[in-house]
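Each remark here refers to the structure printed beneath this line.
The figures here come from the full heavy-atom set of this structure, side chains too, leaving out hydrogens, waters and symmetry mates.
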Amino acid sequence: MMKTEELKLVTKWDKTFPKSDKVEHRKVTFINRYGITLAADMYIPKNADSKLPAIAVSGPFGAVKEQCSGLYAQAMAKRGYLTVAFDPSFTGESGGMPRYMASPDINTEDFMAAVDFLSVQDNVNADKIGIIGICGWGGMALNAAALDTRIKATIASTMYDMTRVNANGYFDAENSEESRYQKKQELNALRTEEYKKGAYSRAGGCLPLPVPEDAPFFVKDYSEYYKGRCYHARSLNSNEGWNSIGCQSFMNQPILKYSNEIRSAVLIMHGDKAHSFYFGKDAYDAMMQGSKYTENKELLVIPGAVHTDLYDNLDVIPFNKMDDFFKQNM
């Protein structure tokens, strides 16, 4: 067994949402197959007296478990699930060096490692494990579902396909060989420069408030969440962002290649006013195309919802629907 890295975990409640009196909360750690120790918040329904169905939650891309994923995890624990919201490798309280890197492979493994951990808990029914991926981790969740047959049900909420946005830019506006080549040249020149210096730069998080009036709505939307109502000191998006070359490998590593072979249940939910809606819709279409396993797949379109409504708007996030989905499919 690989040795667990000793992490410095904050024990006080430092979430961006209030603590529920209906669940017990504690910090836990587990290790992935790359030897990276991940930090997580575990939420357990109070007075549970039997083995519970379990859910692992992560995302959004560049967030920490004290933000959106923890809100989801606590909300589902109130509905009877043992849940963990974890920080992905290289971010938040989790281990991994250098910091603030992302990887299609390692971050998919993070979800599978969470399933490893949940599978051996005495108070978990190992035959009833699901996952929730939010924003960029929605795509990671679908990738994990395509690999891990222990996962019985997957929810991708307000998802991004991070391989697509890194290769093609937003709204596929940079989907050309020349655009990709220029981006690669810039990133690789930066790699050489930073290797000479022996130090890595950060790409920058969300714009500070107030956001310029001529900025796109989704830029303002992000800033109001990360820099405003849900700021957190460990959140990449709230502060200096990813390592400047942290997402380079996504450009040539599609993560949804065999999504139409997923046999377990999948719910993709997205607001129709979200700038990212095309990611969820196209991912659903690709998952259904040529698939023999369509009966347990669903695209839930939420009218009027923007991207971050599914981060923290309790009037919009369909927790009861999510509960029904997991109960029916786990």
Side-chain angles (χ1 to χ4, degrees), residues 1-17 19 23-44 54-74 76-77 82-124 129 131-137 140-141 144 148 199-200 202-203 205 226 230-243 246-247:
M1 199 68 170
M2 290 177 285
K3 185 178 180 182
T4 303
E5 179 183 354
E6 187 172 341
L7 302 178
K8 294 181 180 179
L9 303 179
V10 174
T11 56
K12 68 177 182 178
W13 184 264
D14 63 345
K15 321 303 178 199
T16 58
F17 51 90
K19 187 176 183 180
V23 303
E24 296 176 1
H25 163 264
R26 62 186 175 94
K27 288 286 183 72
V28 297
T29 61
F30 54 91
I31 193 167
N32 71 17
R33 291 301 179 98
Y34 290 94
I36 299 169
T37 301
L38 304 181
D41 286 297
M42 178 182 284
Y43 299 89
I44 309 171
I55 303 169
V57 191
S58 197
F61 197 79
V64 287
K65 64 188 181 304
E66 289 74 21
Q67 295 171 313
C68 180
S69 61
L71 174 68
Y72 272 62
Q74 181 175 259
M76 296 311 293
L82 183 148
T83 64
V84 290
F86 65 88
D87 285 330
S89 295
F90 313 113
T91 67
E93 291 186 302
S94 287
M97 292 293 290
R99 303 301 289 167
Y100 317 120
M101 292 291 293
S103 161
D105 188 7
I106 295 175
N107 295 141
T108 300
E109 163 62 22
D110 288 343
F111 259 125
M112 297 171 72
V115 176
D116 292 342
F117 173 77
L118 291 172
S119 296
V120 301
Q121 301 307 303
D122 292 338
N123 53 350
V124 165
I129 295 177
I131 61 174
I132 300 172
I134 306 158
C135 185
W137 258 260
M140 301 296 183
D148 197 329
Y200 301 132
R202 304 275 291 276
Y226 286 107
C230 287
Y231 174 85
H232 198 280
R234 289 191 296 275
S235 171
L236 283 70
N237 293 338
S238 291
N239 297 287
E240 287 82 33
W242 291 95
N243 188 311
C247 300

For [X], enumerate each residue passing the side chain to side chain contact (heavy atoms under 4.5 Å, CB included) test, keeping only those at least two apart in sequence or located in another chain.
{"X": "Tyr226", "answer": "Pro60, Ala63, Gln67, Cys206, Tyr222, Ser235, Asn237, Ser238, Tyr311"}
{"X": "Ala73", "answer": "Tyr43, Val57, Thr83, Ala85"}
{"X": "Asp148", "answer": "Met112, Val115, Arg150, Ile151"}
{"X": "Glu240", "answer": "Arg202"}

Nearest 0.5 Å please: distance from the [atom1] atom of [X] over to the [atom2] atom of [Y].
{"X": "Ile134", "Y": "Ser69", "atom1": "CD1", "atom2": "OG", "result": "5.5 Å"}
{"X": "Lys15", "Y": "Gln74", "atom1": "NZ", "atom2": "CD", "result": "9.5 Å"}
{"X": "Leu9", "Y": "Ser94", "atom1": "CG", "atom2": "OG", "result": "8.5 Å"}
{"X": "Ile36", "Y": "Ile106", "atom1": "CD1", "atom2": "CD1", "result": "5.0 Å"}
{"X": "Tyr34", "Y": "Ser103", "atom1": "OH", "atom2": "OG", "result": "6.5 Å"}
{"X": "Ile132", "Y": "Ile55", "atom1": "CD1", "atom2": "CD1", "result": "5.0 Å"}

Worksheet item: Any ion pair linking Arg234 and Asp87 (charged N to carboxylate O, less than 4.0 Å)?
Response: no

Mind checking ring pair (Phe, Tyr, Trp, His ring centres under 6.0 Å) for [X] and listing every partner two or more places apart, or none if nothing turns up?
{"X": "Phe17", "answer": "Trp13"}
{"X": "Phe90", "answer": "none"}
{"X": "Tyr200", "answer": "none"}

Discussion item. Filter on salt bridge (Lys or Arg N to Asp or Glu O under 4.0 Å), then keep only pairs touching residues 97-112, sequence neighbours left out; what's left?
Written reply: none

Over all heavy atoms of both residues, which pair between [X] and [Y] is shortest? Give the atoms and the distance, please.
{"X": "Ala114", "Y": "Ala56", "answer": "CB-CB, 3.7 Å"}
{"X": "Asn32", "Y": "Ser89", "answer": "ND2-OG, 3.2 Å"}
{"X": "Trp242", "Y": "Gly62", "answer": "CZ2-N, 3.5 Å"}
{"X": "Phe61", "Y": "Ala102", "answer": "CZ-CB, 3.7 Å"}
{"X": "Ala144", "Y": "Ile131", "answer": "CB-CD1, 4.1 Å"}
{"X": "His232", "Y": "Asn239", "answer": "O-ND2, 3.1 Å"}

Between [X] and [Y], is there a donor-acceptor pair closer than 3.5 Å when you use the side chain of the first and the backbone of the second?
{"X": "Thr16", "Y": "Glu66", "answer": "yes"}
{"X": "Thr37", "Y": "Phe30", "answer": "no"}
{"X": "Asp41", "Y": "His25", "answer": "no"}

Discussion item. My understanding is that only residues two or more places apart in sequence, or in another chain, count here; which of them pass side chain to side chain donor-acceptor pair (under 3.5 Å) with Asn243?
Written reply: none

Item to complete: Quick one: list whatever passes side chain to side chain donor-acceptor pair (under 3.5 Å) with Glu93, sequence neighbours left out.
Response: Lys27, Lys65

Hey, does [Y] have a side-chain heavy atom less than 4.5 Å from the side chain of [X]?
{"X": "Glu5", "Y": "Met97", "answer": "no"}
{"X": "Leu38", "Y": "Pro88", "answer": "no"}
{"X": "Phe117", "Y": "Ile31", "answer": "no"}

